[in-house]
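Computed from a predicted structure; not experimentally measured. Index from 1, following the sequence.
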Amino acid sequence: MADTITFQMSNKMNCFHHFQPRVEEFGEKHGLPVKVVFHLNLVLDELITNIISYGYTDFDEHPINVRVGIEDDVITIRIEDDAEPFNILEAPEPEFDVPLEERIRPVGGMGVHLVKSMVNNIDYKREDGKNVLVLTKNISKPCCLVKG
């Protein structure tokens, strides 16, 4: 049976300080390597920062629900928010082989690229007006979704 931690944040909180200690406790409890805990924190920080920075068209407070679980060697992260629809799987890759001054998008996309490089699978769906993002990381297998 999976062991999970859940936490609810809002777009008005300093979210990293909210989830980081809980993720580190979770990692210690399950004997996760330091690198894996670092990756979990980085993935959560990147995704939640993007939700807060780009997901809302108003200045209201919005909930962001996160669940992190582990079963055997598989860690599952589920993030649910009511931000604007955003399917991470459809985000364009950074233009690594194009000089900066010639890029269509001079900045952006690196965080999504990093997230994809640290997990084995990503599922996205829009359900009941919410983004539901589920990421899995098998700590016994190499990552990841990014090719090259």
Side-chain angles (χ1 to χ4, degrees), residues 1-97 105 107-148:
M1 182 167 179
D3 182 26
T4 62
I5 55 171
T6 58
F7 32 96
Q8 184 176 39
M9 298 170 281
S10 84
N11 60 320
K12 301 290 185 185
M13 297 173 67
N14 183 338
C15 292
F16 184 75
H17 292 295
H18 185 73
F19 69 77
Q20 185 255 349
R22 307 236 358 242
V23 170
E24 289 186 5
E25 284 176 23
F26 183 81
E28 286 178 29
K29 177 180 176 183
H30 294 284
L32 298 177
V34 172
K35 184 176 181 180
V36 170
V37 174
F38 175 78
H39 284 180
L40 292 175
N41 276 318
L42 189 57
V43 164
L44 286 168
D45 187 39
E46 180 60 35
L47 294 173
I48 293 168
T49 297
N50 282 350
I51 292 166
I52 293 169
S53 298
Y54 308 112
Y56 301 104
T57 57
D58 60 34
F59 297 102
D60 296 339
E61 188 164 7
H62 295 270
I64 302 169
N65 297 305
V66 178
R67 184 176 70 222
V68 179
I70 187 167
E71 186 167 9
D72 299 322
D73 286 343
V74 178
I75 298 170
T76 302
I77 300 169
R78 178 186 166 98
I79 302 173
E80 186 176 304
D81 63 75
D82 67 349
E84 294 295 312
F86 178 72
N87 184 347
I88 189 174
L89 298 170
E90 296 174 355
E93 291 295 319
E95 300 172 288
F96 292 121
D97 46 346
R105 297 174 328 142
V107 294
M110 214 35 220
V112 168
H113 178 78
L114 282 172
V115 168
K116 289 179 178 178
S117 73
M118 292 183 210
V119 299
N120 298 96
N121 191 59
I122 298 175
D123 289 309
Y124 169 84
K125 64 183 171 182
R126 184 78 177 172
E127 185 174 85
D128 299 325
K130 295 181 180 177
N131 295 301
V132 180
L133 188 63
V134 179
L135 307 98
T136 57
K137 178 177 184 68
N138 187 327
I139 59 175
S140 66
K141 294 182 180 177
C143 289
C144 296
L145 299 176
V146 174
K147 308 292 186 250

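Taking all atoms of both residues into account, the shortest heavy-atom contact from Met118 to Lys137 is O-NZ, 2.8 Å. Taking every heavy atom of both residues into account, Ser10 and Glu61 meet most closely at OG-OE2, 2.8 Å. Counting all heavy atoms, side chain and backbone alike, Lys12 lies closest to Phe59 at NZ-O, 2.7 Å. Of all the heavy atoms in Ala83 and Arg126, the pair that sits closest is O-NH1, 2.8 Å. Considering all non-hydrogen atoms of both residues, Asn11 and Ile64 come closest at N-CD1, 4.1 Å.
By the 4.5 Å heavy-atom criterion applied to side chains, Asp81 and Phe86 are not counted as neighbours. Using a 4.5 Å heavy-atom threshold, the side chains of Ile48 and Met9 count as touching. Considering only heavy atoms from C-beta on, Lys116 comes within 4.5 Å of Ile122 through its side chain. Contact of the Asp3 side chain with the Lys29 side chain is registered, since non-hydrogen atoms from C-beta on lie closer than 4.5 Å. Taking 4.5 Å as the limit, some side-chain heavy atom of Ile70 sits within range of a side-chain heavy atom of Leu32. Contact of the Leu47 side chain with the Ile88 side chain is registered, since non-hydrogen atoms from C-beta on lie closer than 4.5 Å.
A distance of 10.0 Å separates OG1 of Thr49 from CG of Leu44, quoted to the nearest 0.5 Å. The CD1 atom of Ile5 sits 5.5 Å away from the CZ atom of Phe26 when rounded to the nearest 0.5 Å. Atom CG of Asp123 is separated from atom CZ of Arg78 by 11.0 Å, given to the nearest 0.5 angstrom. Of the inter-residue distances, the one linking Asn120 atom CG with Asp73 atom CG reads 11.0 Å to the nearest 0.5 angstrom. For the atom pair CG (Asp82) and CG (Asn65), the distance works out to 9.0 Å, reported to the nearest 0.5 Å. Put simply, CD on Glu24 and CZ on Phe38 are 11.0 Å apart, with the number rounded to the nearest 0.5 Å.
Under the ring-ring contact (aromatic ring centres under 6.0 Å, His included) criterion, Phe7 pairs with no residue at all, not counting sequence neighbours.
Asn131 places a side-chain N or O within 3.5 Å of a backbone atom of Glu84 that can act as its donor or acceptor partner. Listed for the Asp72 side chain is no donor-acceptor partner under 3.5 Å among the backbone atoms of Val74.
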Test salt bridge (Lys or Arg N to Asp or Glu O under 4.0 Å) applied to Glu80 and Lys130, step by step:
CA-CA 7 Å; Glu80 186 176 304; Lys130 295 181 180 177; 3.5 Å; yes
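Atom CG of Asp60 has more than 12 heavy atoms from other residues, nucleotides or ligands within 6.0 Å.
Among the candidates Ile77, Asn121, Leu40, the single residue satisfying the side-chain contact (heavy atoms from CB on, under 4.5 Å) test with Leu135 is Ile77.
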